[in-house]
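Everything below concerns the one structure shown next.
Note that these values count all heavy atoms, side chains included, but never hydrogens, waters or copies made by symmetry. Just follow the structure's listing: the first ligand is 1, and inside any ligand the first atom is 1.
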Amino acid sequence: MISVVLPTYNERDGIAELVGEILAVLRRARLDGEVLVVDDDSPDGTAAHLAETFGQEPAVRVIVRRGERGLASAIQRGLHEARGEMLVVMDSDGNHDPVLVPLMARCAEEFDVVVGSRYVLGGGMLTSAFRYWASYAFNVFIRVVLAQNIHDNLSGYLAFRRTLLDRLDEPAVFYGYGDYAIRLLWQVLRGGGRVLEVPTVYRFRRGGESKTRFLAYFGTYTLSVFRLRFKRR
Ligand SMILES: Nc1nc2c(ncn2[C@@H]2O[C@H](COP(=O)(O)OP(=O)(O)OP(=O)(O)O)[C@@H](O)[C@H]2O)c(=O)[nH]1
Ligand SMILES: [Mg+2]
């Protein structure tokens, strides 16, 4: 079974459509799956909207965290609540195209982590040229500083088996924002794991607003990378 974990904050505008799309993709591929939304009590009523739309659909579960905020910790919660042996994490705003879920899940049977990557041949980003190139440059920085070879550490679209969690030092991974993925991939590579990148093209978000404060995160992400590099082993 595949569990698709969707961390969400104020995504009422587009999330129901995305969840419907994921269910359709799984059904078409004849895969057993569930969608697990982890909502941080969004003031826009994301959770209530989902309950209304998918109340009768057992394959959709909504977890509401109250008094807690944070992308990485929401994802961690979802991964632990998931019932599937195959886990997929993606954005809940439509950036990531769910058509890749079956392929990523299949590849994750052979590889330790599969990344939906903007920076391998066939990948890309429809949204913003600035974001595309800024993220590209930051990914080059990560590759150089950490001496690894992943082209998209920041995509946030990941698939892996549940058993990977047993091998991760979770408190050292799941904090902060999208930089959790840099730490996750770093731990996997250092443990001798294999990472596969499959091309994906970022789509436009389906309404709502961006939560990424690009310039603010630039500083924290840079620190995160240097911390990994110079951490005592
Ligand atoms: N549970 C939870 N989810 C969050 C939080 N912050 C962001 N998210 C979700 O994380 C995903 C990524 O955030 P986005 O705002 O889409 O970031 P982005 O993709 O870099 O920015 P856009 O290009 O504008 O989409 C989205 O699905 C958000 O709803 C949070 O504090 N808690
Ligand atoms: Mg997004």
Side-chain angles (χ1 to χ4, degrees), residues 3-22 35-51 60-82 87-98 100-101 115-119 123-139 142 152-159 173-182 184 200-222 224:
S3 294
V4 180
V5 173
L6 300 179
T8 173
Y9 193 73
N10 283 347
E11 302 289 6
R12 183 195 164 98
D13 286 353
I15 192 165
E17 202 182 329
L18 174 69
V19 170
E21 231 183 303
I22 296 169
V35 177
L36 196 55
V37 178
V38 186
D39 176 59
D40 287 355
D41 206 10
S42 300
D44 75 347
T46 301
H49 178 57
L50 283 171
V60 178
R61 286 194 285 150
V62 182
I63 298 166
V64 180
R65 301 197 307 166
R66 295 188 207 281
E68 222 177 328
R69 264 300 298 275
L71 177 59
S73 62
I75 289 170
Q76 184 181 23
R77 172 79 186 273
L79 296 174
H80 282 276
E81 301 267 351
L87 308 173
V88 176
V89 181
M90 61 194 289
D91 281 8
S92 59
D93 58 0
N95 279 158
H96 297 142
D97 190 339
L100 268 188
V101 168
V115 179
S117 175
R118 291 165 290 177
Y119 301 117
M125 200 168 180
L126 297 177
T127 51
S128 144
F130 169 75
R131 286 280 298 274
Y132 178 86
W133 288 110
S135 206
Y136 179 86
F138 199 80
N139 270 298
I142 295 171
D152 201 348
N153 272 267
L154 303 170
S155 96
Y157 195 2
L158 303 172
V173 170
F174 292 104
Y175 62 88
Y177 197 67
D179 49 335
Y180 92 89
I182 306 174
L184 186 152
T200 188
V201 177
Y202 266 31
R203 310 182 302 179
F204 290 96
R205 63 161 33 254
R206 293 241 168 79
E209 276 171 22
S210 181
K211 261 63 72 181
T212 298
R213 286 170 292 124
F214 199 76
L215 290 174
Y217 288 132
F218 181 74
T220 25
Y221 283 27
T222 305
S224 292

As an exercise, identify every atom of ligand 1 less than 4.0 angstrom from a heavy atom of Ser92. 26 (C), 27 (O), 29 (O)
Among Arg131, His96, Arg69, which residue places a heavy atom closest to atom 23 (O) of ligand 1? Arg131
Atom 21 (O) of ligand 1 has as its nearest protein heavy atom Ser210 OG, 3.1 Å
Classify the ring geometry between Tyr177 and Tyr217 as parallel (under 30°), tilted (30 to 60°) or perpendicular (over 60°). parallel
Would you check, one step at a time, whether the test side chain to side chain donor-acceptor pair (under 3.5 Å) holds for Thr127 with Arg205? CA-CA 8 Å; Thr127 51; Arg205 63 161 33 254; over 6 Å; no
Evaluate whether atom CD of Glu81 has more than 12 neighbouring non-hydrogen atoms of other residues, nucleotides or ligands under 6.0 angstrom away. yes
For ligand 1, is Thr127 a contact, meaning one of its heavy atoms is under 4.0 Å away? no
Tell me, do Pro98 and Met90 make a side-chain contact under 4.5 Å, heavy atoms counted? yes
Can you list the ligand 1 atoms lying under 4.0 Å from a non-hydrogen atom of Gly70? 30 (C), 31 (O), 32 (N)
Hey, does Arg65 come in under 3.5 Å of ligand 1, counting only N/O atoms on both sides? no
Identify, by name, the N, O or S atom of Asp93 lying closest to the Mg ion (ligand 2). OD2
Step through it carefully: locate the ring centre of Tyr180, locate the ring centre of Tyr175, and say whether they are under 6.0 Å apart. no
Ring-ring centroid check Tyr132 Tyr119, cutoff 6.0 Å: yes
Carboxylate-amine/guanidinium contact Arg12 Glu209, below 4.0 Å: no
Any Tyr177 heavy atom less than 4.0 Å from ligand 1: yes
Against heavy atoms of Val38, which atoms of ligand 1 measure under 4.0 Å? 1 (N)
Any nitrogen or oxygen of Arg205, side chain or backbone, less than 3.5 Å from one on ligand 1? yes
Is any N, O or S atom of Asn95 under 2.8 Å away from the Mg ion (ligand 2)? yes
Thr8 neighbourhood, listing ligand 1 atoms whose heavy-atom distance to it stays under 4.0 Å: 1 (N), 2 (C), 3 (N), 29 (O)
I need the atoms of ligand 1 closer than 4.0 Å to a non-hydrogen atom of Glu11, numbered in the order shown. 26 (C), 27 (O), 28 (C), 29 (O)
Polar contact flag, side-chain donor to acceptor under 3.5 angstrom, Arg118-Ser155: no
Around atom 9 (C) of ligand 1, find the nearest protein heavy atom and jot down its residue, atom name and distance. Pro7 O, 3.6 Å
If the plane angle is over 60° it's perpendicular, under 30° parallel, otherwise tilted; pick one for Phe138 and Phe218. perpendicular
Where on Asn95 is there a heavy atom closer than 4.0 Å to ligand 1, on the side chain, on the backbone, on both, or on neither? side chain
